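Lettering follows sequence order; numbering is per chain, from 1. Note: hydrogens, waters and symmetry copies are ignored here, and every other heavy atom, side chains too, is used. All values derive from a computational prediction rather than experimental measurement.
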There are 2 protein chains.
Amino acid sequence: MVYKHKDIAEKLIDRHIKPSFHRIKVLEYLMANRTHPTAEQIFACLKKELPTLSKATVYNTLKLFVEAKLAREITIEDKEIRYDYTIENHGHFKCESCGTIFDFKINVDDCITEELDDFVIKDKNVYFKGICPRCFSNT
Amino acid sequence: MVYKHKDIAEKLIDRHIKPSFHRIKVLEYLMANRTHPTAEQIFACLKKELPTLSKATVYNTLKLFVEAKLAREITIEDKEIRYDYTIENHGHFKCESCGTIFDFKINVDDCITEELDDFVIKDKNVYFKGICPRCFSNT
DNA sequence: ATATAAATCTATAATCAATACAATATAGCA
DNA sequence: TGCTATATTGTATTGATTATAGATTTATAT
Ligand SMILES: [Mn+2]
Ligand SMILES: [Mn+2]
Ligand SMILES: [Zn+2]
Ligand SMILES: [Zn+2]
């Protein structure tokens, strides 16, 4: 899928973020690469195209996006934060063999008790780990 | 609850871990403090009682425990790993205001689809974030 | 009991993602 | 054009975790 810069800029404006060129490029990357990349991966890839890009900008931009709910952080591994453009509720499965993070449908609201009735829930994450079918069949 | 060192040693032997004095103390701490402490917190507290204790020993010991499924890692925050003696499936809610991590009952198996049927699931974590009732009423 | 080997522990250095910060560049506007 | 606020850069720093090597304790054998 290819996104027009104008449309991406509009998404940023909707969230009251000024659509600078770098911000558009980072958001474009997230929209086009639904692989739950790390800040490092985003930086390395965009750096080729934008030689002056700074790592700090990538970190700053991603933090902005998360605050604006344009992206979500995946902390399935303590080592590194991964970023997901898809906000809608879904779970993440990380294959311990190949490292791939898969999405899966889940509706946790269906299985929580009234225990949390008085809690203000702002963020929900479901993280599974194990072996993916491809890695499992290669053993 | 107070635990006897002999009983704790047995738990370690069951998992094929030699029950050294320091290992017993760390496990005792985890059993007595179900507050999801960090390695740093465990170290700081035990250090008072065991002046020669090294931070590396705490880290090594915790890693051993996790591998042996005597404890589980909570990576709800990317900043730090927290440790939980309670293995049985339950969710974690972190209050963004006071930092407390609450346990809650949840059975995710009830709400996953057949999407993951071919995946080998070794670890399941449910992390919620928001504001706890106490902090909410103090605003 | 003493020697030898193995396991455990300590202390310190190294790692590395993330953050802080100060300097520079850019964009929007009078 | 200049002014001001915002965005970006480059680098220094942080801080949790890991690696490593030597010291100490524990176990085993003679
Ligand atoms: Mn996802
Ligand atoms: Mn818990
Ligand atoms: Zn895999
Ligand atoms: Zn609270």
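- Residues from residues 7-26 of chain B that place a heavy atom under 4.0 Å from any atom of DNA chain C, listed by number: K18(B), S20(B), H22(B), R23(B).
- The residue from N89(B), N125(B), D123(B) that alone fulfils the side chain to side chain donor-acceptor pair (under 3.5 Å) condition with R72(B) is N125(B).
- Residues passing the salt bridge (Lys or Arg N to Asp or Glu O under 4.0 Å) test with D109(A) are K124(A), sequence neighbours excluded.
- Sequence neighbours left out, the pairs with a member in residues 24-46 of chain B that pass salt bridge (charged side-chain N to carboxylate O under 4.0 Å, His left out) are K25(B)-E28(B), K25(B)-E49(B), E40(B)-K55(B).
- Less than 4.0 Å separates DNA chain C from at least one heavy atom of each of the following residues of residues 44-73 of chain B: T52(B), L53(B), S54(B), A56(B), T57(B).
- Within a 6.0 Å radius of NZ in K105(A), no more than 12 heavy atoms belonging to other residues, nucleotides or ligands are found.
- Looking at T75(A), its side chain does come within 3.5 Å of a backbone N or O of T75(B) through a donor-acceptor pair.
- Note on I74(B) and V108(B): separate hydrophobic clusters, where clusters join Ile, Leu, Val, Met, Phe, Trp and Tyr whose side-chain heavy atoms are under 4.5 Å apart, directly or indirectly.
- Under the rule for a salt bridge (Lys or Arg N to Asp or Glu O under 4.0 Å), the partners of R82(B) that lie at least two apart in sequence or sit in another chain are E80(B).
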Do any side-chain atoms of residues 56-70 of chain B form donor-acceptor pairs under 3.5 angstrom with protein atoms, and if so which ones, sequence neighbours left out?
residue : atom : partner : partner atom : Å
N60(B)  : ND2  : A56(B)  : O            : 3.2
T61(B)  : OG1  : T57(B)  : O            : 2.6

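- Of the inter-residue distances, the one linking E10(A) atom CD with I8(A) atom CD1 reads 11.0 Å to the nearest 0.5 angstrom.
- Residues from residues 77-87 of chain B lying near DNA chain D, meaning a heavy-atom separation below 4.0 Å, are K79(B), E80(B), I81(B) in numerical order.
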The test is ring pair (Phe, Tyr, Trp, His ring centres under 6.0 Å); show your working for F119(A) and F102(B) and say whether it passes. CA-CA 10 Å; F119(A) 289 68; F102(B) 299 85; 5.1 Å; yes
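- Taking a heavy-atom distance under 4.0 Å as the criterion, the stretch of DNA chain D touched by chain A extends 5' to 3' from dT6(D) to dT18(D).
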For residues 130-138 of chain B, tabulate all N or O donor-acceptor pairs below 3.5 Å that involve a side-chain atom, not counting sequence neighbours.
residue : atom : partner : partner atom : Å
S137(B) : OG   : P133(B) : O            : 3.3
S137(B) : OG   : R134(B) : O            : 3.0
N138(B) : ND2  : R134(B) : O            : 3.4

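- Applying the ring-ring contact (aromatic ring centres under 6.0 Å, His included) rule to H90(B) yields the partners H92(B); only residues at least two apart in sequence or on another chain are considered.
- Within the 3.5 Å criterion, the main-chain N or O of T86(A) finds a donor-acceptor partner in the side chain of D84(A).
- Classified by interplanar angle (parallel below 30°, tilted 30° to 60°, perpendicular above 60°), the ring pair F104(B)/F128(B) is tilted.
- From one end of the helix from dA1(C)-dT30(D) to dA30(C)-dT1(D) to the other, with five pairs defining each end axis, the axis direction shifts by 10° (rounded to 10°).
- Taking C111(A) as the reference, C111(B) meet the disulfide (SG to SG under 2.5 Å) condition, with sequence neighbours excluded.
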